[in-house]
Amino acid sequence: MKIQMNHQGDVNVVELEGELDFHSSPELRARLGELTSKQAAKILVNLKKVDYMDSSGIATFVEVFQKTKRYNGRLILAGLTPAVRGIFEIAKLESIFEIAQDVQEAISRFLNSK
Amino acid sequence: MAQPIIEIKNLIKKFGDRTVLDGVHAVIPEGKITVIMGGSGCGKSTLLRHLIGLHRPTSGEVWVDGKNIAGLDEPGMNDVRKKFGMLFQGSALFNSMTVGENVAVPLKEHTDLSPEIIRIIVRVKLELVGLTGFENFMPHEISGGMKKRVALARAIALDPKIVFYDEPGAGLDPITASMIDRLILDLSKKLSITSVVVTHEMKSAFRIADQIIILQKGKVLQVGTAEDIQNSTNAYVQQFIQGEPEGAIPFKQTSEAYLKGLLDT
């Protein structure tokens with residue numbers, strides 16, 4: 001899986017591409033851990049190019065969500081494919097996460113919040 | 001029907017002189033629930049053991065997700081095994097571990113995930129089988145039906161494509177058994193899992209099966225939907241459905257066979 005990190009203003013954008021599974025999720029966890037350990041206030045993960053995600057992927061996002069909540073940060077997941085959204089629904093977690101249609105919508109949500 | 005995920009081709013298994021599987025052909029479609037049925041000694045458990053690589057065929061092929069597992073060595077077989085989960089007849093939980101630790105076993109063994117991530121996955125899986133809040137219970141503190149559900153949570157821990165169930169209702173009261181059936185149906189549909197269930201319980205088979213394969217004396221006797229099987233005109237199938245002691249399936253050898261056996265020795 002490809003993981004690219006960049007900034008759009010003060011938003012930390014994490015672009016993912018490929019399959020988020022038991023093999024690739026530890027690396028994603030490490031990269032997202034870099035952001036949460038410096039208490040990044042705004043994290044946006046773009047899942048548009050992730051066509052498969054397993055339980056370890058969802059667990060990785062649950063952990064980031066818990067951490068950002070602890071320091072009042074905000075995590076938005078964007079661009080979920082139907083397969084990935086289905087995994088959140090099965091785990092009954094789609095209402096817990098803040099989910100945006102795409103990166104643009106997520107960025108504008110961040111901008112409008114402050 | 002969907003694409004086959006398992007194909008069994010002319011599978012023969014002999015133990016010494018005894019032929020237990022006698023040229024089995026079967027196709028198991030992806031994402032569906034297939035029930036393998038038959039009376040005691042029909043070969044259904046032996047067939048299941050071939051599907052999970054515990055037995056090697058005397059001859060024939062067993063294709064699982066594009067690989068003929070009959071020819072795989074142990075490391076190759078272990079790779080295939082990661083794609084499937086197994087619900088054992090007696091639940092097979094570790095009594096010295098908590099419910100949560102039991103579910104975590106395959107995650108610890110087969111992945112490099114951190115303990116924190118494993119803990120979250122365990123909670124998600126326990127929720128899927130309706131056991132949120134039971135993570136820290138010990139197996140002896142929960143009922144037989146709950147143990148089955150823990151075993152099921154463990155079977156789906158690694159997000160398998162296929163789950164094998166060996167007599168899932170064995171040892172459970174009828175209500176609990178039907179709850180387990182509902183869970184199998186629910187998980188199969190929600191997670192798009194291919195389910196292969198070995199049972200001799202007709203009610204359960206009719207409740208959950210997209211496809212039923214009936215074995216008799218190591219051969220496939222009939223394949224069809226629950227409705228096909230219920231309407232079967234085959235005398236063996238009807239006797240099996242009705243549970244009649246007398247009929248096409250001989251309950252015992254004839255007295256001639258008995259006498260011949262005695263006198264020939």
Side-chain angles (χ1 to χ4, degrees), chain A residues 1 3 14 16 18-37 43 45 47 50-71 75 77 80-97 99, chain B residues 30-31 65 78-85 100 103-133 135 152-163 182-195:
Chain A
M1 133 157 294
I3 304 170
V14 183
L16 304 181
E19 296 193 344
L20 182 48
D21 59 15
F22 288 110
H23 300 292
S24 58
S25 67
E27 193 196 342
L28 176 63
R29 179 175 185 252
R31 303 294 297 274
L32 290 170
E34 291 166 17
L35 296 176
T36 51
S37 64
I43 302 174
V45 181
L47 289 156
V50 175
D51 42 22
Y52 175 80
M53 183 176 81
D54 67 14
S55 302
S56 68
I58 215 157
T60 303
F61 292 129
V62 168
E63 190 188 43
V64 176
F65 177 76
Q66 291 168 341
K67 286 180 178 169
T68 50
K69 214 169 172 201
R70 247 173 257 151
Y71 60 75
L75 168 72
L77 305 177
L80 279 65
T81 59
V84 169
R85 182 177 278 271
I87 300 291
F88 280 97
E89 285 167 8
I90 289 162
K92 298 179 189 160
L93 292 170
E94 79 277 20
S95 59
I96 301 295
F97 286 98
I99 294 172
Chain B
E30 188 165 16
D65 203 21
N78 278 337
D79 260 359
V80 177
R81 284 196 186 113
K82 283 179 200 162
K83 292 180 188 168
F84 60 71
V103 179
V105 167
L107 293 158
K108 285 181 182 165
E109 273 193 14
H110 295 292
T111 74
D112 298 322
L113 299 174
S114 66
E116 293 82 3
I117 294 294
I118 289 178
R119 202 170 307 130
I120 295 167
I121 296 176
V122 166
R123 286 189 182 160
V124 171
K125 301 296 175 180
L126 285 175
E127 168 61 23
L128 281 173
V129 298
L131 286 179
T132 288
E135 200 179 335
L152 190 46
R154 184 177 62 186
I156 59 170
L158 287 170
D159 296 341
K161 290 177 87 169
I162 310 169
V163 178
R182 191 179 295 173
L183 203 52
I184 294 171
L185 265 173
D186 203 34
L187 291 177
S188 299
K189 306 290 174 228
K190 270 190 194 165
L191 308 177
S192 305
I193 289 174
T194 304
S195 300

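Side chains are part of it too, since the values below use all heavy atoms of this structure and drop only hydrogens, waters and symmetry mates. Chain letters run A, B, ... following the sequence lines, proteins first, then strands; residues in each count from 1.
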Check each atom of B:Ile117 against the heavy atoms of chain A and say whether the ones under 4.5 Å are side chain, backbone, both or neither. both
With a 4.5 Å cut-off on side-chain heavy atoms, are A:Val45 and A:Phe97 touching? no
Output the option from A:Ser55, A:Pro26, A:Gly86 having the highest count of non-hydrogen pairs under 4.5 Å with chain B. A:Ser55
Does any heavy atom of chain B fall under 4.5 Å from the side chain of A:Gln66, the backbone, both, or neither of them? side chain
Please assess B:Glu127 against A:Ile90 for the test side chain to side chain contact (heavy atoms under 4.5 Å, CB included), listing each intermediate value before the final yes or no. CA-CA 10 Å; B:Glu127 168 61 23; A:Ile90 289 162; over 6 Å; no
Exercise: identify the closest heavy-atom pair between A:Val50 and A:Thr81: O-OG1, 3.3 Å
Quick one: what part of B:Leu158 sits under 4.5 Å from any heavy atom of chain A, side chain, backbone, both or neither? both
Testing B:Lys82, B:Lys125, B:Lys83 one by one against B:Asp159 for a side chain to side chain donor-acceptor pair (under 3.5 Å), which residue passes? B:Lys125
